[in-house]
Amino acid sequence: MSKYKSEFLNVLDERGFIHQMSDPERLDAVAAAGPMSAYIGFDCTAPSLHAGSLLPIMMLYWLQQTGHKPITLMGGGTTKVGDPSGKDESRLLLTPEKINENMAGIQTVFSKFLKFGDGETDAIMVNNADWLDHLNYIDFLRDYGPHFTINRMMAFDSVKLRLDREQPLTFLEFNYMILQAYDFLELNRRNNCVLQMGGSDQWGNIINGMELGRRVDQAHLHALTSPLLTTSSGAKMGKTAGGAVWLNADILSPYEYWQYWRNTEDGDVGRFLKLFTTLPLDEIARLEALEGAEINEAKKTLANEATKLLHGSDPATAAAETALKTFEQGNLAEGLPTVEISRSDLTENIGILTALVTAGLAISNGEARRQVLGGAIKINDQPCKDFRHALSENDLTDDGVIKLSMGKKKHALLRVDG
């Protein structure tokens, strides 16, 4: 028997998206009654979102799939302030030009998951700079300042964390929660938006917006948060030793993205299949039950489905074929990440440490040296144990490339430019 009346909440519940809800019965009734509008905000702090942002994106996906209207809110205004939530120190302040550049990169992702248009359940994208940039400071303080108490704001986790660690919290950042609350009020007025969703670290900010809407406009607004995800080993979702797992293909290739999901820890496979694919739950249950070496088939399915959602079927298939050739057949696969080097680099015998850093397999010569000494490095599938080794034109394969490997799962090709 279903737990909720609305398909929306049942889907989110069954797939593990729900952490907290305000007034679940009332929200369930609103969702069951017909199309409702809900939003999630995305600040423009980088030129791409990363895999940690997939959870809220998938919440918007299921919102639309169950007959409701998603609103993606671009934080063109709030990014100028910086969200202190979960941060030990102030975010770097970006110029308006950089914020707009980042926004352009971020916006491209959403059309992969949502259908935009003018229909009743078509998604829309808005920018909070449209209203935040034009606020009159004194009028804003007089109209909305009385609805926020310092006593309560000091109790928020985003504030307590910074103060407990004796890190400064600027007055600029202190305003962020007020501006986010105002976003909810403004979206309710403009778009009849009644639900804000986000990660569990945003609960206090979302509740602020709910209460502001109730006090100012007597609006009945709702909050829903998802759990903050970590992997079974405690690592933060969307991060690897090599850095963030970016969603834009021009920053992280579809092959590297596929590999990220293929390398999922055994204990996370079932949970990630529910959250990050659209596979039916009975099929996920079958895959989750696989044990031993068979769990690798479930991981490949996760990688294929997650990559297909973001990059499309063809790049997902190509990534899977590249992995098959590289890992299972031992062949050179053209789909591997490729870095161009000049002919003079080989003529002058580029060092293996420099080559590993250039190829993105190590972040520094020191790390590269440790990997060589630890026996983790191969050149064209042959072990390299001398950190003083230099690459030359003799290392070029018949395909005109040099394959570098770190361990069993990280590979890259060096290709001579010209």
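Along the sequence shown, the residues carry numbers beginning at 1. Values in this document were obtained by computation on a predicted structure and should not be read as measured data.
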Please find the pair of heavy atoms, one from [X] and one from [Y], that lie closest to each other, and give the distance.
X	Y	result
Ser22	Met210	OG-SD, 3.4 Å
Thr307	Tyr257	OG1-CD2, 3.7 Å
Leu281	Lys274	CD2-CG, 4.1 Å
Leu172	Val81	O-CG1, 3.0 Å
Trp246	Leu252	O-CD2, 3.5 Å
Gln64	Ala123	NE2-N, 3.3 Å

Would [X] and [Y] count as having a side-chain donor-acceptor pair, cut-off 3.5 Å?
X	Y	value
Arg26	His222	no
Thr78	Asn128	yes
Asn10	Glu7	no
Trp261	Asn304	no
Tyr182	Asn208	no
Asn192	Ser37	no
Ser6	Asp28	yes

Would you compute the distance between atom [atom1] of [X] and atom [atom2] of [Y] and round it to the nearest 0.5 angstrom?
X	Y	atom1	atom2	answer
Leu247	Ile57	CG	CD1	5.5 Å
Asn102	Ser48	CG	OG	9.5 Å
Leu49	Leu54	CG	CG	8.5 Å
Leu287	Lys299	CG	NZ	13.0 Å
Ile206	Gln180	CD1	CD	6.5 Å
Leu361	Ser405	CG	OG	7.5 Å

Would you mind checking if Glu283 and Arg286 are paired as a salt bridge, meaning a charged N to carboxylate O distance below 4.0 Å? yes
Carboxylate-amine/guanidinium proximity below 4.0 Å for Arg271 and Glu265: no
Is there a side-chain contact between [X] and [Y] (heavy atoms, below 4.5 Å)?
X	Y	result
Thr121	Leu63	no
Phe113	Leu310	yes
Met125	Gln107	yes
Tyr61	Thr278	yes
Phe17	Leu275	yes
Leu273	Glu288	no
Thr225	Met197	no
Ile379	His389	yes

Would you please test Phe110 and Phe42 for ring-ring contact (aromatic ring centres under 6.0 Å, His included) and show each step? CA-CA 11 Å; Phe110 295 100; Phe42 299 85; 4.9 Å; yes
Keeping the roles fixed (side chain from [X], backbone from [Y]), state whether a donor-acceptor pair exists under 3.5 Å.
X	Y	result
Asp268	Ser232	yes
Ser2	Tyr4	no
Asp13	Ile18	no
His68	Met36	yes

Enclosure of [X] [atom1] (heavy-atom neighbours >12, cutoff 6.0 Å):
X	atom1	value
Asp250	CG	yes
Lys5	NZ	no
Glu120	CD	no

Give the intermediate values and the outcome of side chain to side chain contact (heavy atoms under 4.5 Å, CB included) for residues Lys69 and Ile124. CA-CA 8 Å; Lys69 188 177 187 71; Ile124 61 171; 4.0 Å; yes
Going through the distances and angles, do Met59 and Ser226 end up as a side chain to side chain contact (heavy atoms under 4.5 Å, CB included)? CA-CA 9 Å; Met59 292 170 77; Ser226 61; 3.7 Å; yes
Using side chain to side chain contact (heavy atoms under 4.5 Å, CB included), reason through Met74 and Ile106 one step at a time and then give a plain yes or no. CA-CA 9 Å; Met74 296 289 98; Ile106 288 170; 4.1 Å; yes
Evaluate Arg262 against Glu256 for salt bridge (charged side-chain N to carboxylate O under 4.0 Å, His left out), listing each step before the verdict. CA-CA 10 Å; Arg262 170 63 180 83; Glu256 292 170 292; over 6 Å; no
Set out, in order, the CA-CA distance, both residues' side-chain angles and the distance that settles salt bridge (charged side-chain N to carboxylate O under 4.0 Å, His left out) for Lys300 and Glu297, then state yes or no. CA-CA 5 Å; Lys300 291 176 188 176; Glu297 294 307 312; 3.5 Å; yes
Among Leu60, Asn191, Leu195, which residue satisfies the side-chain contact (heavy atoms from CB on, under 4.5 Å) criterion with Ile71?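 That would be Asn191.
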Quick one: which of Val357, Asn365, Asp386, Leu404 gives a side-chain contact (heavy atoms from CB on, under 4.5 Å) with Ile352? Leu404
After noting the C-alpha distance and the side-chain angles of Lys3 and Leu9, does the key distance pass the side chain to side chain contact (heavy atoms under 4.5 Å, CB included) rule? CA-CA 9 Å; Lys3 184 175 180 180; Leu9 289 185; over 6 Å; no
Take Glu97 and Asn100, measure what side chain to side chain donor-acceptor pair (under 3.5 Å) needs, and give me the verdict at the end. CA-CA 5 Å; Glu97 293 76 18; Asn100 288 334; over 6 Å; no
